[in-house]
Protein chains: 2
Amino acid sequence: MAHTLSSTIYCSRVLIRSERGRQHRSNAAVRVNGAAHRTPLQVGSALETSINRSLPELSAPLLASPPLLTTDGHEGSRQNIPTEKQVEDPFRQAQIVEGGVRYQQTVVVRSYEVGPDKTATLETVLNLLQETALNHVWMSGLLGDGFGATHGMIKNNLIWVVSRMHVQVDHYPIWGEVLQIDTWVGSSGKNGMRRDWLISGRDSGNVFARATSTWVMMNKNTRRLSKMPEEVKAEISPWYIDRHAIQEEATEKIIKLDSNAKHVDSNLKTIPDQFLQHHQLNNIILEYRKECGISDVVQSICQPDEDMVSPGENFNMVRGPLLLPEIINGHHNLAGALQQWTTKYTHLLQLKAGDEYEEIVRGRTTWKKKL
Amino acid sequence: MAHTLSSTIYCSRVLIRSERGRQHRSNAAVRVNGAAHRTPLQVGSALETSINRSLPELSAPLLASPPLLTTDGHEGSRQNIPTEKQVEDPFRQAQIVEGGVRYQQTVVVRSYEVGPDKTATLETVLNLLQETALNHVWMSGLLGDGFGATHGMIKNNLIWVVSRMHVQVDHYPIWGEVLQIDTWVGSSGKNGMRRDWLISGRDSGNVFARATSTWVMMNKNTRRLSKMPEEVKAEISPWYIDRHAIQEEATEKIIKLDSNAKHVDSNLKTIPDQFLQHHQLNNIILEYRKECGISDVVQSICQPDEDMVSPGENFNMVRGPLLLPEIINGHHNLAGALQQWTTKYTHLLQLKAGDEYEEIVRGRTTWKKKL
């Protein structure tokens with residue numbers, strides 16, 4: 001990777017367009033409040049899932065050196081960032097477990113975090129990943145500023161950027177559901193860090209979602225990737241566990257789409273509404289290539305897999321009079337197959353740079369039919 | 001009020017346009033995912049502040065009879081709605097205090113709830129009002145469905161609608177700040193209920209925000225206002241306290257704007273970006289007149305008060321070389337006056353009905369200059 005990595009929630013938000021109709025927000029990312037400055041992503045050691053942040057935040061928590069997040073001064077004391085490792089945070093209902101490395105927090109799904117079907121939106125899931133990751137760093141005593149940078153990173157002018165994110169949602173939790181979110185970090189190559197999450201029912205233990213991500217360091221002034229300084233490695237490596245929330249097979253390479261793709265849209269709306277109404281996102285992988293800012297002009301491209309059957313056709317076929325219950329429920333297990341029936345899309349978000357386009361992020365999503 | 005009252009967050013969201021750049025979302029409210037059905041507001045006994053809900057929710061939690069929110073069935077048990085009054089909810093860190101009527105919850109401002117300046121957005125404040133109100137009903141054992149309707153209301157086919165909302169934000173809390181939110185209800189005329197809130201620092205006790213609201217009942221099928229049945233009055237009146245979070249003088253009447261107003265916009269963007277960048281909303285009053293749905297075409301109108309000085313002029317004047325510190329800090333107390341210097345707007349959101357417009361909501365906002 002010779003170029004600068006990036007994230008920007010914006011990009012991914014545009015790419016996936018939540019199945020719950022949040023796509024209209026994406027326009028705002030292009031130009032928020034008329035501000036024309038670039039706002040490159042600054043993320044937490046733990047941090048900023050970058051798939052989700054709501055738009056207004058885009059232009060801000062991403063800025064360097066936020067004045068309110070110093071540990072000295074009035075606001076700093078209000079924020080109360082610990083300077084030493086804590087094992088318990090009663091207000092966040094959090095604790096450090098497993099020999100002091102894994103962070104665990106209890107969270108109740110709130111009334112405003114659910115969508116039309118009264119289940120948590122993807123945005124909520126991603127918000128909670130970000131929140132718990134940042135709280136993990138917060139409790140570790142390593143937090144040097146508001147977005148997960150450690151003291152060593154701040155000294156070296158480094159910020160975290162996400163290079164890859166993979167989220168798998170088996171079930172979306174409902175309003176009022178009490179969740180337990182676990183998160184931990186591990187090494188990723190010489191200069192990277194991985195962070196994994198597991199969201200489960202606090203009582204049932206049932207898994208709702210799993211996620212893994214890869215983070216690298218960027219110099220916040222030059223916007224170039226950086227090696228991880230020994231000083232920083234010494235800070236974070238004691239927290240490493242070698243455990244994977246998602247058992248990924250050999251990482252599937254996401255192909256690069258071009259303008260021959262089925263859906264090309266500079267209004268950033270690529271997955272058809274009709275499809276979104278009847279499907280639920282259950283897997284998303286994002287590979288970040290370049291950063292982009294709020295005033296950049298971007299284009300979203302999306303291509304369904306070729307073997308995809310039209311959802312309408314499929315649905316009618318199953319419900320049609322020709323299929324006897326015996327067939328549906330027989331040993332061919334068509335019903336089961338249909339429940340598992342998924343649709344896959346490949347995505348690309350590109351940045352318009354003169355007459356050319358530069359890749360910002362590639363994506364791959366899997367959708368399940370709502371039955 | 002001969003006509004149907006309404007709320008819809010949408011309306012108010014459009015009206016005020018958060019100072020943090022969330023205005024772009026408003027378009028989505030007009031048409032979400034191509035759905036063309038009306039989604040009238042259904043709100044909680046406590047409920048739905050209606051100023052804030054994020055867009056996707058608009059098309060949904062507002063629907064009647066949500067299948068996931070029955071108290072029987074699998075999801076119902078996952079949601080765990082109490083059928084009797086509880087005095088403590090450990091997961092929500094909540095308790096019923098003051099002789100069993102006032103609800104009190106501890107909340108930590110999360111990383112994704114803050115804006116560019118690392119302080120909670122207005123949307124966050126409003127989300128928390130909604131959340132605590134619904135949790136209050138939840139803990140009361142009265143909750144019959146997901147949006148605050150009591151058992152008696154469900155039996156009578158009634159839903160809550162907000163007729164007036166007044167929020168006053170003295171200070172916006174910052175990320176990580178530990179808040180205590182208190183909320184309680186009282187009577188409002190023969191057929192209404194008021195709900196008040198107080199948001200303060202958990203340790204400091206400093207008040208961040210206060211709010212009051214008025215709620216009435218609507219038949220969910222006829223969409224007409226209803227008297228409060230004795231059965232419902234009997235359910236909720238034991239919870240009434242006569243206490244006001246905001247000491248309102250004689251309620252100022254909000255004038256009705258017409259198309260001669262300074263800012264008229266069918267793209268729902270009326271307050272200038274330039275203004276929003278330098279000001280913070282500190283008071284908003286909304287009077288709801290009629291409901292509107294997601295496919296309705298609306299128009300937003302806004303008028304600054306006549307005695308308003310241009311913020312730019314004012315700012316330059318103060319910072320200019322001609323003002324000596326003695327003058328600024330002198331007994332005329334110009335600095336203090338400027339800190340208190342506010343700008344007021346009157347708002348109107350109307351619904352296009354044929355060739356005419358019908359009022360949806362009138363609003364009045366007060367903004368403070370960020371210093």
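Values below: all heavy atoms of this structure, side chains included; hydrogens, waters and symmetry mates excluded. Here the structure is a predicted model, which is why all the values come from computation and not from measurement. Here is how names work: the chains are called A, B, and so on, in the same order as the sequence lines, proteins then strands, and each is numbered from 1.
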**Request:** Could you pull out all residues at least two apart from Asp203(A) that satisfy salt bridge (charged side-chain N to carboxylate O under 4.0 Å, His left out)?
**Result:** none
**Asked** Looking at CD of Glu177(A) and CZ of Phe91(B), how far apart are the two atoms once the value is rounded to the nearest 0.5 Å?
**Response** 12.0 Å
**Prompt:** What is the distance from atom CG of Leu129(A) to atom OH of Tyr112(B), rounded to the nearest 0.5 Å?
**Reply:** 10.5 Å
**Prompt:** In terms of heavy-atom contacts, does NE2 of His263(A) have more than 12 from other residues, nucleotides or ligands at under 6.0 Å?
**Reply:** yes
**Message:** Using every non-hydrogen atom in the two residues, find where Gly176(A) and Arg92(B) come nearest and quote the distance to one decimal.
**Reply:** CA-NH2, 3.6 Å
**Considering all heavy atoms, the nearest Pro90(B)-Gln93(A) contact** = O-OE1, 3.1 Å
**Request:** For Arg110(A), check salt bridge (charged side-chain N to carboxylate O under 4.0 Å, His left out) against everything at least two apart and list the hits.
**Result:** Glu113(B)
